[in-house]
Amino acid sequence: MAPLRATYRLQFHRDFTFRDALALVPYLAELGVSHIYASPITEARPGSTHGYDIVDHTRLNPEIGSEDEFRALSA
């Protein structure tokens with residue numbers, strides 16, 4: 001794991017997905033951000049804007065992306 005320099009929090013919901021976050025990575029890195037953290041990413045009530053109303057702790061929220069998209073963002 002890379003050394004922690006700075007963090008940035010992301011709020012995932014159906015209008016801001018893993019794919020949207022991935023597009024921000026170069027910009028955040030340019031600002032000096034080395035790590036991101038986020039609102040809950042497990043399956044929440046449909047239409048949730050915050051992700052804290054989880055309905056399934058074992059699945060990623062399909063409204064914010066797939067497992068492949070999550071892996072790409074994590075990489």
Side-chain angles (χ1 to χ4, degrees):
M1 182 187 294
L4 181 67
R5 292 187 315 271
T7 62
Y8 192 87
R9 186 181 187 281
L10 298 174
Q11 182 75 36
F12 289 108
H13 51 83
R14 68 178 173 211
D15 295 320
F16 185 78
T17 66
F18 296 144
R19 195 177 301 183
D20 297 317
L22 185 58
L24 288 177
V25 167
Y27 171 71
L28 294 173
E30 190 175 311
L31 292 176
V33 173
S34 59
H35 293 76
I36 60 170
Y37 66 105
S39 58
I41 60 171
T42 51
E43 188 172 10
R45 179 184 51 80
S48 176
T49 57
H50 49 75
Y52 289 96
D53 43 3
I54 297 167
V55 296
D56 189 340
H57 291 268
T58 65
R59 293 186 47 197
L60 289 175
N61 188 344
E63 289 188 348
I64 63 174
S66 68
E67 190 166 329
D68 287 340
E69 292 166 331
F70 175 70
R71 287 176 196 234
L73 177 60
S74 297

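A quick note: this is a predicted structure, and the numbers were derived from the prediction, not measured.
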[atom1]/[X] to [atom2]/[Y] distance, rounded to the nearest 0.5 angstrom?
X   : Y   : atom1 : atom2 : result
E69 : T17 : CD    : OG1   : 6.5 Å
H13 : N61 : NE2   : CG    : 11.5 Å
R14 : S48 : CZ    : OG    : 9.5 Å
I54 : R45 : CD1   : CZ    : 12.5 Å

Check: In the hydrophobic cluster built from side-chain contacts under 4.5 Å, what are the other members alongside I64?
Finding: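 Y8, L10, F12, F16, F18, L22, L24, V25, Y27, L28, L31, V33, I36, I41, L60, F70, L73, all in the cluster of I64.
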Next item on the list: Not counting sequence neighbours, which residues clear side-chain contact (heavy atoms from CB on, under 4.5 Å) with D68? List them please.
Entry: S66
Next item on the list: Determine which pairs satisfy ring-ring contact (aromatic ring centres under 6.0 Å, His included) with at least one residue from residues 28-49, sequence neighbours left out, and list them in order.
Entry: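 Counting only pairs at least two positions apart or across chains, no ring-ring contact (aromatic ring centres under 6.0 Å, His included) contact touches residues 28-49.
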Check: A6 and G32: which non-hydrogen atoms are nearest, and at how many Å?
Finding: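 The answer is CB-O, 3.6 Å.
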Next item on the list: Indicate yes or no for a side-chain donor-acceptor contact from Q11 to the backbone of H50 under 3.5 Å, with no hydrogens or angles considered.
Entry: yes
Notebook entry, point to check: Is the backbone N or O of R5 less than 3.5 Å from a side-chain atom of S34, with the two atoms forming a donor-acceptor pair by type?
Noted result: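 Here the side-chain-to-backbone pair exists.
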